[in-house]
**Q** 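After the structure tokens below, expect a handful of questions from me.
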Amino acid sequence: MSYELPKLPYAYDTLEPYIDAQTMEIHHTKHHQAYITNVNKALEGLDALAAKPVDDLLRDIKGVPEDKRQAVINNGGGHANHSLFWQILGKGKGGAPKGELAKAIDAEFGGYDAFKEKFANAALTRFGSGWAWLGLDKGRVVLLSTPNQDSPLLQGITPLLGLDVWEHAYYLKYQNRRADYIAAWWNVVDWDRVTEFYKAAKG
Amino acid sequence: MRRTRRDFLRTAGTLTAASAMIGAPIEAYAQAAPAPQSAPPPPAVPALGKMTVHTLPPLPYDYNALEPYIDEATMRLHHDKHHAAYVNGLIAAETKLAEARASGDYEYVEYWSKKAAFNGGGHWLHSMFWKVMAPPGNGGGGEPQGMLAEKLANDFGSVAAFRAHFAAAAKAAEGAGWALLHYRFTDGRLVILQAENQQKITSWNTVPFLGIDVWEHAYYLKYNNRRADYVDAWWNVVNWGQVETNLTALMGAMKA
């Protein structure tokens, strides 16, 4: 059993003009695919591990032999992170969280605007390659950023919303202007989907 | 052997000269540099200690000089935006640390120390990077010669083995980082190390004098995800003469 590239829920140009079609295509078919190819390679001969959903693999990273662990963190993480990313994006989806999730964000961050500001700051101050996240940590919503492809699952935090700030995620259209990319990205965040993840994680 | 003050000054002077050769812009050089984008304001409160005026060094060639291996648009962004940001970031961090010394308030010393390391690393490595490249066929490309060729062959088995090792390290660097060739002054040999970001997985008894930036901003516009193609192409612009000059300066300044 090996991991496979999930299909995008939309076309490569659906998120234009906020995220350009060329980036979507390269990001999906090259970068995400490479993570999958590499995690499958790392788990060759470790069938029990390869059969696990990638999220479970990351939640229990100590179960991966030490000599393969970093490769799995990097590439299993890359696979998990991007699989989530494609799902929380969508055309015409920008807006605000509603219901339970909105209440949790208000309580934790002091409102949606305050949350956006803190999230953008986390994304901007993640130097080098990494991600900014909204996650669920023991029933509470939390904001964090991680380096490279480190998944919040490694820390026992369930990711609900993620923003890829590796340069490959924005360089063709935004070049060095990461702040512009972040500002544009809010227009394609699918809060309904994020709420689904929140409800599922809360249980 | 008891080190005298004269010994210290002589070594420090040679080190400064060596670093100036490799990358750090010296004052006269600095006059020609374009103003950094949005330079940070001067310290708001008294700052304690000498403040270096860090400046963005000019490229030794035109933005399009490394075509077709490194594209003009990338060179413009990389130098004028990314490197400039490291210069500004370093000035800001050092200013804040100087203010902390003046006020005695070290609440944010960890934050600004990290910023100083990141931006200082970025400024130094990029200053070195521009200089170890040259237009293909006009200083760039070809084979290392003389003492450098001998040293590479000696320390890595052969020049080809050095190239293969260096390229592999560059291609395998996870996320944003560098592959760097260092001079290790404790035993006088060359070593290949990666850097993560601009300042991580560093080493204390070595100084890098040749490097390739493998942050995605260094190659994405032309090569997209194909970092391996960028690394393979980059050899065509390596200025082996400058690299040898760098090594000679370091070997002179820091005897094993």
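For the numbers below, each heavy atom of this structure counts, side chains included, while hydrogens, waters and symmetry mates do not. So you know, we letter chains A, B, ... as the sequences are listed, proteins then strands, and number each from 1.
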**Q** So which part of B:Lys115 gets closer than 4.5 Å to some heavy atom of chain A, the side chain, the backbone, both or neither?
**A** side chain
**Q** Search all heavy atoms of A:Gln149 against all heavy atoms of B:Glu174 and return the closest pair with its distance.
**A** CG-OE2, 4.5 Å
**Q** Measure across A:Ser129 and B:Ala176 and return the closest heavy-atom pair with its distance rounded to 0.1 Å.
**A** OG-N, 3.2 Å
**Q** Taking ring pair (Phe, Tyr, Trp, His ring centres under 6.0 Å) as the test, write out the residues that go with B:Phe156, two or more places apart.
**A** B:Phe162
**Q** Could you grab the distance from atom CZ of B:Arg76 to atom CD of A:Gln175, nearest 0.5 Å is fine?
**A** 13.0 Å
**Q** For B:Tyr108, look at atom OH and say whether over 12 heavy atoms of other residues, nucleotides or ligands are found less than 6.0 Å away.
**A** no
**Q** Looking at B:Lys222, I'd like to know if its NZ atom is crowded, meaning that more than 12 non-hydrogen atoms belonging to other residues, nucleotides or ligands lie closer than 6.0 Å.
**A** yes
**Q** Provide the closest heavy-atom pair for A:Leu172 versus B:Asn224 in the form atom of the first, atom of the second, distance.
**A** CD2-ND2, 3.7 Å
**Q** Near B:Arg101 CZ, under 6.0 Å, is it more than 12 heavy atoms from other residues, nucleotides or ligands?
**A** yes
**Q** Need one label for A:Asn148: side chain, backbone, both or neither, based on atoms under 4.5 Å from any heavy atom in chain B.
**A** side chain
**Q** Side chain, backbone, both or neither: which part of B:Asn225 has an atom under 4.5 Å from a heavy atom of chain A?
**A** both
**Q** Are the side chain of B:Asn197 and the backbone N or O of A:Phe127 linked by a donor-acceptor pair below 3.5 Å?
**A** yes
**Q** Against chain B, label A:His168 side chain, backbone, both or neither, depending on which of its atoms sit under 4.5 Å from a heavy atom there.
**A** both
**Q** Is A:Gln22 close to chain B through its backbone or its side chain, or both, or neither, when contacts mean heavy atoms under 4.5 Å?
**A** side chain
**Q** Is any residue of residues 227-237 of chain B within less than 4.5 Å of chain A by heavy atoms, and which ones?
**A** none
**Q** With under 30° as parallel and over 60° as perpendicular, where do the rings of B:Tyr220 and A:His31 fit, or are they tilted in between?
**A** parallel
